[in-house]
Each structure stands twice: as C-alpha cells, then as structure tokens.
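All remarks here apply to the structure that follows.
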Amino acid sequence: MIRSFGLEKGKNIDFSLFLSQIMKDIRLGIVVLDREGRIQGISRIGCEWLGVEREEVENLTVEDAFPGFGYEHFLNRSILDGITVQDQAVSWRNGEIRYDFVVDSFVLHGLKGEILYGCYTFKNVSNLRGLEQKIERSDRLAMIGQIAAGTAHEIRNPLTSINGFLQMMGKTLEEKGMSKEKQFTDIMLREIKRINELVGEFLLLSRQKEVQYRLVDIDEVFNGILPIVESEALLHGIDVRIHKEDDSFLLVGDSELLKQVLLNISKNGIEAMGKGGVLTIELKKEEEGIEISISDTGTGIPPYLLDKIFDPFFTTKEEGTGLGLPVCHKIIHEMGGTIRVSSKGYGATFYLTFPH
Ligand SMILES: Nc1ncnc2c1ncn2[C@@H]1O[C@H](COP(=O)(O)OP(=O)(O)OP(=O)(O)O)[C@@H](O)[C@H]1O
Ligand SMILES: [Mg+2]
C-alpha cells in the first residue's frame with residue numbers, strides 16, 4: 001500500500017499530516033463521508049468552488065450541505081452501498097460563477113472488506129467547457145461561411161435585377177398617379193434591402209482572413225460612426241456620451257470593419273434601451289492594448305444568456321437575425337483583439353481590446 005504511493009517502506013511518514021496537507025493544497029475537490037453519509041472532510045479548494053466553509057458542512061449529509069449537487073445523476077445511488085461513479089458531469093452555481101465539474105467516487109474498505117468511508121472527488125473543468133464551446137462556435141461559423149460563400153452571390157445577382165426593375169416600375173407608377181401601388185414597390189424594395197444586408201453579413205462570416213491591415217486612427221473611425229449612432233439615438237431619446245483620453249489612438253486593423261463592429265454593438269445597446277437612456281462609449285489605453293467599452297442602460301443580459309449571445313442566429317428580437325455579435329466576434333478576433341461582455345442586473349457593457 002505504502003509502495004503504491006512511491007514511498008519507501010519503513011520510512012517514518014506522518015500520514016495524518018500528509019492527508020491534511022493534501023486536503024489543504026490539492027487542486028481537487030474532495031469530500032469524505034462516513035458510513036452514515038455525513039461529511040467528515042472536505043478539501044480547501046472544494047469549499048472554495050462550492051462556496052462553503054468547512055465547519056458549516058461537517059457532519060451534514062451531502063444532500064443537506066449541497067442541495068441540488070447532481071442528485072438526479074448519481075447521489076441516490078448510494079456510494080455507501082459501494083456503488084461508485086466515474087466521470088460524471090455536474091454543474092454548480094456559486095453566486096455569479098458557474099462551475100462545471102467532473103465527479104468520481106470511490107469507497108475505502110476496512111481490513112475485513114467493510115466500507116469505512118465514501119469519497120467524492122471533483123475536478124473543475126469550467127475552462128475546458130468554455131474552450132469546447134468556442135470550438136463548437138467557430139465550427140458552426142465555418143459551416144455557415146461555407147454555405148454563405150456558395151449561395152450569397154447566387155442570391156445577390158437576381159436581387160440586383162429585381163431591384164433595378166422595381167425602381168423603374170415604382171417611377172412609372174408614380175408618374176401615373178398610382179400611389180397605392182407605388183407604396184407596394186417601396187415595401188418590396190425595403191425587403192430586398194433587408195435580404196441584401198443579410199447576405200452581406202453571411203459573406204462577412206464566410207470571408208477568411210480578408211482584413212485589410214492598416215494603421216487606423218480611432219478618432220477617424222469614431223467620426224465616421226458617430227453621426228449614424230447619434231441620429232439613431234436621437235430617434236429613441238437616448239443620450240450618447242463619449243469619453244476618451246486626450247491622445248490620439250492608433251491600432252492596426254481594418255477601419256471599415258471596425259466601424260461595423262462599433263455600429264453593431266451600439267445598435268444593440270440602443271435597441272436594448274427602447275425609449276430614453278444613456279449610451280456611453282469609452283476609449284482607454286490599457287497595458288494590454290486599446291480598450292473600447294460600450295455601455296448602455298437597457299434591459300441587460302440575464303446570466304444564462306451570456307454565453308449564447310455570440311452564437312450565430314441567437315436572437316431575442318422579433319426582427320433580429322442574430323448575426324450582429326458573431327460578425328463582431330469574428331472581425332475582432334481576426335484583428336487580434338478580444339471581446340467580452342458584462343451585465344449585472346441592468347444595462348450591459350461590451351469591452352473590446354485591440355493590441356497597440
Ligand atoms: N446591449 C445589449 N443589451 C441586452 N441584450 C443584448 C445586448 N446586446 C446583445 N444582446 C442580446 O444578444 C442577442 C444577439 O445579438 P446580435 O447583435 O447578435 O443579434 P440581434 O441584435 O438579435 O440581431 P441583428 O444584430 O442581426 O439585428 C440579442 O438578440 C439580445 O438578446
Ligand atoms: Mg444586433
């Protein structure tokens with residue numbers, strides 16, 4: 001037994017010290033139960049992840065100490081009857097933080113083979129899950145990209161001629177005083193514009209590494225988008241505030257794409273506010289690069305949607321396509337930047353960082 005730990009036989013080892021060090025320092029959640037199913041020990045990191053103090057949970061059953069901790073999966077198959085689990089995925093929310101654990105269990109036998117203790121170990125794999133989701137997302141983006149590349153032009157070409165003929169028709173109808181019919185052509189033209197925009201977004205998603213890398217003056221980008229953002233804001237009684245440090249900021253990227261990113265995110269902010277509110281755009285120089293933050297005082301994003309909003313086609317809006325943020329995500333990553341969002345209670349802030 002001792003050999004299996006790689007320890008020399010006969011060497012005087014204080015096992016209780018060894019065990020208490022393990023419980024204190026190991027980066028693994030460990031919960032030890034006695035034969036009554038009461039918690040007799042829990043590792044320090046386990047307490048931290050589960051959000052409890054050791055003294056609080058000692059002598060409680062797992063069920064009482066951690067209500068909801070994966071019972072439906074495995075806990076009612078009692079470990080104390082010798083039924084153990086391997087690689088069981090369990091999610092746990094500790095306040096604002098969501099953890100994903102992989103849980104194993106085993107039992108410790110006495111000399112006569114009787115069960116003395118049950119033990120659960122759980123490893124925090126939250127980062128791995130995030131990675132997995134990112135890969136899934138970019139796989140999906142690539143797939144949409146392939147479909148888009150194949151069909152976008154085929155859709156656009158006929159649209160261009162329909163658009164042209166409709167405009168001519170509209171003019172004729174107007175000349176003939178058929179104003180009602182003219183309205184129909186206007187509606188059709190608007191709808192065609194919408195399809196064109198959608199196809200444009202598809203094409204953006206499909207383009208691989210087509211960013212035009214140039215030195216971009218952010219002031220220029222801001223001056224390009226502000227009139228559009230402000231007029232949209234004015235329509236909804238929204239105040240736009242710009243904060244920036246005095247110096248001028250330069251970054252390497254594509255100014256047209258950057259404008260699109262800022263417009264998409266500002267538009268989302270305005271849409272989240274409805275009537276009235278404040279949209280704040282802030283520009284800062286941070287150690288890791290240039291940070292642009294865009295905050296609104298709108299509805300906010302509930303925590304369970306935070307990791308969905310960058311998925312293609314995810315939308316909560318009747319008229320939304322759900323492509324705004326995935327397009328932003330792709331553009332920013334191609335420029336070597338990052339995007340993250342924070343939303344607590346109400347309002348949302350999107351933080352974009354770009355290398356200098
Ligand atoms: N500032 C924000 N406040 C609240 N919710 C937001 C905000 N920004 C994005 N969201 C949520 O994220 C979803 C996805 O946004 P995204 O821009 O990708 O698509 P959309 O705005 O719904 O449609 P589209 O941009 O294509 O018109 C939105 O439907 C909304 O639920
Ligand atoms: Mg949007």
Side-chain angles (χ1 to χ4, degrees), residues 96-97 204 211-303 305-310 314 316-317 320 323-356:
E96 287 279 297
I97 309 172
L204 253 175
V211 183
Q212 303 284 321
Y213 290 100
R214 291 212 187 85
L215 213 52
V216 177
D217 182 348
I218 298 221
D219 275 345
E220 212 183 287
V221 172
F222 269 51
N223 294 340
I225 62 151
L226 273 182
I228 308 172
V229 173
E230 274 168 348
S231 70
E232 190 71 25
L234 196 70
L235 275 179
H236 297 90
I238 288 163
D239 201 10
V240 180
R241 295 186 191 155
I242 311 284
H243 295 293
K244 59 181 180 187
E245 289 169 2
D246 285 338
D247 17 338
S248 137
F249 294 103
L250 294 175
L251 61 85
V252 178
D254 182 316
S255 63
E256 284 314 304
L257 292 181
L258 195 57
K259 277 182 199 165
Q260 185 174 355
V261 166
L262 298 180
L263 275 177
N264 274 348
I265 296 176
S266 305
K267 188 172 142 252
N268 279 345
I270 291 172
E271 285 166 355
M273 287 188 275
K275 282 256 163 287
V278 184
L279 183 80
T280 311
I281 305 179
E282 201 168 346
L283 196 60
K284 278 199 283 189
K285 207 174 246 171
E286 295 283 341
E287 221 166 80
E288 59 279 20
I290 289 168
E291 183 188 272
I292 304 175
S293 62
I294 302 175
S295 339
D296 61 69
T297 53
T299 50
I301 306 166
L305 291 187
L306 278 175
D307 54 359
K308 292 216 164 57
I309 58 171
F310 292 100
F314 175 80
T316 53
K317 300 170 193 167
L323 287 175
L325 285 176
V327 165
C328 293
H329 191 268
K330 183 169 158 68
I331 293 174
I332 293 169
H333 276 257
E334 281 182 11
M335 290 193 196
T338 61
I339 175 167
R340 72 190 164 82
V341 56
S342 142
S343 181
K344 295 191 178 118
Y346 96 120
T349 306
F350 284 80
Y351 297 92
L352 324 183
T353 53
F354 298 94
H356 291 291

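For the numbers below, each heavy atom of this structure counts, side chains included, while hydrogens, waters and symmetry mates do not.
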Original post:
Got a sec, which residues hit side chain to side chain donor-acceptor pair (under 3.5 Å) with Ser342, two or more places apart in sequence or on another chain?
Top reply: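 If we apply the side chain to side chain donor-acceptor pair (under 3.5 Å) test to Ser342, skipping adjacent residues, there are no hits.
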Original post:
Can you name the residues that form a ring-ring contact (aromatic ring centres under 6.0 Å, His included) with Phe310, not counting sequence neighbours?
Top reply: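 Phe310 satisfies ring-ring contact (aromatic ring centres under 6.0 Å, His included) with His329 once adjacent residues are dropped.
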Compile the donor-acceptor pairs under 3.5 Å between side chains in residues 261-272 and protein atoms, sequence neighbours left out, one pair per line.
{"residue": "Asn264", "atom": "ND2", "partner": "Gly324", "partner atom": "O", "Å": "3.4"}
{"residue": "Ser266", "atom": "OG", "partner": "Leu262", "partner atom": "O", "Å": "2.7"}
{"residue": "Asn268", "atom": "OD1", "partner": "Lys317", "partner atom": "NZ", "Å": "3.1"}
{"residue": "Glu271", "atom": "OE1", "partner": "Lys317", "partner atom": "NZ", "Å": "2.5"}

Say you draw a straight line from [atom1] of [X] to [atom2] of [Y]; how long is it, rounded to the nearest 0.5 Å?
X      : Y      : atom1 : atom2 : answer
Leu352 : Glu291 : CG    : CD    : 8.5 Å
Ile301 : Lys308 : CD1   : NZ    : 13.0 Å
Glu220 : Ile225 : CD    : CD1   : 12.5 Å
His333 : Ile339 : NE2   : CD1   : 8.0 Å
Leu283 : Phe222 : CG    : CZ    : 5.0 Å

Of all heavy-atom pairs between [X] and [Y], which one has the smallest distance, and what is that distance?
X      : Y      : result
Met335 : Leu258 : CE-N, 3.9 Å
Gly336 : Pro355 : O-CD, 3.4 Å
Gly300 : Ser343 : CA-OG, 3.4 Å
Phe350 : Leu325 : CE2-CD2, 3.9 Å
His243 : Thr280 : CD2-CG2, 3.5 Å
Leu250 : Ile290 : O-CD1, 3.3 Å

**OP:** Begin from the C-alpha positions of Thr353 and Tyr351 and carry the test side-chain contact (heavy atoms from CB on, under 4.5 Å) through to its verdict.
**Re:** CA-CA 7 Å; Thr353 53; Tyr351 297 92; 5.7 Å; no
Original post:
For Glu286, does the CD atom sit with more than 12 other heavy atoms under 6.0 Å from it, leaving out its own atoms?
Top reply: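 It does: Glu286 CD has more than 12 such atoms within range.
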**OP:** Take Gln260 and Val327 through the test side-chain contact (heavy atoms from CB on, under 4.5 Å) and record every step on the way to the result.
**Re:** CA-CA 9 Å; Gln260 185 174 355; Val327 165; 3.9 Å; yes
Any heavy-atom pair between the side chains of [Y] and [X] that's under 4.5 Å?
X      : Y      : result
Val240 : Ile242 : yes
Ile228 : Lys259 : no
Val252 : Leu215 : yes
Asp219 : Phe249 : no
Ile332 : Phe354 : yes

Original post:
Just by distance, do the side chain of Thr297 and the backbone of Gly277 share a donor-acceptor pair under 3.5 Å?
Top reply: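 Judged by distance alone, no pair lies under 3.5 Å.
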Original post:
With respect to Val229, which candidate in Leu279, Ile238, Ile294, Leu234 satisfies the side chain to side chain contact (heavy atoms under 4.5 Å, CB included) definition?
Top reply: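 Only match with Val229 under side chain to side chain contact (heavy atoms under 4.5 Å, CB included): Leu279.
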